[in-house]
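Single-structure report; data block below.
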There are 2 protein chains.
Amino acid sequence: MTNKSNLNNLTKSEEDYLKALFQLLAEDHTVKVGNNQLAEYLKVSPASTNNMIKKLKAKHYVVSEKYGKLELTAEGQSIAVRLIRKHRLWETFLYNYLNFSWDEVHDVAEQLEHIKSYKLIDELDRFMDFPEKDPHGELIPNAKGEYKVIPKITLSSLEEGDVCRLIAVNDGSVNFLRFVSEIGLALSSKIKILEIREFDKSIRIQFDGTIETVTKKFADNVFVKKVI
Amino acid sequence: MTNKSNLNNLTKSEEDYLKALFQLLAEDHTVKVGNNQLAEYLKVSPASTNNMIKKLKAKHYVVSEKYGKLELTAEGQSIAVRLIRKHRLWETFLYNYLNFSWDEVHDVAEQLEHIKSYKLIDELDRFMDFPEKDPHGELIPNAKGEYKVIPKITLSSLEEGDVCRLIAVNDGSVNFLRFVSEIGLALSSKIKILEIREFDKSIRIQFDGTIETVTKKFADNVFVKKVI
DNA sequence: TTGATTTGTTAGTCATAACTAACTTTTTTA
DNA sequence: TAAAAAAGTTAGTTATGACTAACAAATCAA
Ligand SMILES: [Mn+2]
Ligand SMILES: [Mn+2]
Ligand SMILES: [Mn+2]
Ligand SMILES: [Mn+2]
């Protein structure tokens, strides 16, 4: 029987590395994730990552061969999913009950996700009546640790003439989220691709009667579902 | 002008030392607090405390002479009061909204009090409609940092025949709090001192028709206001 | 008032988690 | 396929915050 005591003994750092690795692996299930890629994602040196990975391997959360790619064990995945659940529930709480805007929630949730108490998070979930999505459109894993991913593609991957609906956004950058709101885009907005400029891949889009030109970098952070 | 940026840069440890020192000083305003007393309170070695006090003096949160007693600067006090405010607001939230019992809230609040966000705590305060007291009867400092103390005395300091009302309890021990509830005591209970046994200072009390004998140690952790 | 006890300080060690610099292995490309 | 580039590893350093052991100062008590 695996150890499921109320308080696991992971440090904030260990948790952050596991979550980051999970997200890199989940992002693109085909491509393998290496040490330096994880380092870059976490904005630490490759040496730091190498060190932490050693520790996580010793604790059986990560598996990898020397010079090989990184994988999470079932236990490692379970910890990561629990962190994502906590993160998204807190974001939802801040957004729905404490007047936080969607660009403000991520940084505080990044701290709150490390609070250790199963009761806290399950009661918070109940208090909010088991929300399905966080303020950025991402699905919240349930208490059983079921992690579903909505089939989503980036706005930048569409072609001229395509019509889609905004279903989620990357919540990492405050400036990006503010800009999304500023131009009038929101979750569920219906977007039409008018034109893709070959020169710099910038995209002319139409939504709610508005016409805007956005960069490829912007479109990479917008997740949509194709309609029609 | 003093530095009041949104995120102060104190570590969890620095915060805990400042809060502990404040509480020792507030507890008994006449008696001076020394290095080893603070160490014992925090359950760390005197050497650790000595080291941290050096750091807090360098940052101008603590003042003391070599081999002398410890004092907090105005800034040190302000940080401590903010922590107490956060701690008690979180306890109130857990108790009133998330079905935590009064013996469960303290440990989780001990973690939550270190989350850095002024907006978070002021919005939480507003969400709960500015509660005055935490689940253990302690007053919650307001956003201006005003720290009031209810005039309170321990149950153990009363004499035979005295009648009092339970206004607060020490929230440090889960077992103690459970026991308080178990015997049927709660905030506002009216208690009469029937007898104090000389031998071991145990106290026979009456409340709500119940008669119980409690130890001096128990009575030291119960705060009351004399009535009549 | 002087010796014992308490209180406070210093020095040195350990664990965690970051860093840089140097090195090795693997992969890519010419 | 051999040199170059990229990816990964190791060694050594730093900062924080614990610890113990040894020592010094202050206070208490006979
Ligand atoms: Mn987020
Ligand atoms: Mn985090
Ligand atoms: Mn408490
Ligand atoms: Mn604390």
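Residue numbers start from 1 in every chain, and the chains themselves are labelled A, B, ... in the order their sequence lines are given, proteins ahead of strands.
Looking at B:Glu113 and B:Lys19, their side chains come closer than 4.5 Å, going by heavy atoms from C-beta outward. For the pair B:Leu42/B:Tyr17, a side-chain contact is recorded, criterion being any heavy-atom separation below 4.5 Å from C-beta on. The closest side-chain heavy-atom distance from B:Trp90 to B:Val105 is not below 4.5 Å.
Two residues, B:Asn51 and A:Ser48, neighbour DNA chain C, and the one matched to the more 5' nucleotide by heavy-atom proximity is B:Asn51.
For A:Tyr67, the side-chain atoms get nearest to C:dT26 when compared with the rest of D:dC19, C:dT20, C:dT26. Comparing atom distances between the B:Ser45 side chain and each of C:dT9, D:dT20, D:dG8 picks out D:dT20 as nearest. Nearest nucleotide to the A:Ala47 side chain, out of D:dT9, D:dT10, D:dA18: D:dT10. In the set C:dT9, C:dA18, D:dG8, D:dG8 carries the atom at the smallest distance from any side-chain atom of A:Asn50.
Atom P of nucleotide C:dT16 and atom CG of A:Leu10 are separated by 13 Å, given to the nearest angstrom. Rounded to a whole Å, the NZ atom of B:Lys32 is 17 Å from the C1' atom of C:dG8. Distance B:Met52 CE to C:dT9 P: 15 Å, rounded to the nearest Å. Between A:Lys12 atom NZ and D:dT16 atom C1' the separation is 15 Å, expressed in whole Å. Rounded to whole angstrom, the span from the CD atom of B:Glu65 across to the P atom of C:dG8 amounts to 13 Å. To the nearest angstrom, P of D:dC19 lies 10 Å from CG of B:Leu42. Rounded to a whole Å, the CD atom of B:Gln37 is 14 Å from the P atom of C:dT9. Rounded to a whole Å, the CG atom of A:Asn35 is 14 Å from the P atom of C:dT26.
Contacts of B:Thr11 with the nucleic acid, taken as non-hydrogen atoms under 4.0 Å apart, involve only primed sugar atoms and P, OP1 or OP2. B:Lys69 comes within contact range of the sugar-phosphate backbone alone, with a heavy-atom separation under 4.0 Å but no base atom that close. At a threshold of 4.0 angstrom between heavy atoms, the contacts of A:Lys54 are confined to the sugar-phosphate backbone, with no base atom among them.
Salt-bridge check for A:Lys216 with A:Asp220: passed, with a basic side-chain N closer than 4.0 Å to an acidic carboxylate O.
Note that CG of B:Leu98 is 6.0 Å distant from CD of A:Glu123, once rounded to the nearest 0.5 Å.
In this model, the phosphate group of C:dA18 is approached by a side-chain N or O of A:Tyr17 to a distance below 4.0 Å at OP1 or OP2. Note on A:Ser13: a side-chain N or O is less than 4.0 Å away from OP1 or OP2 of C:dA18.
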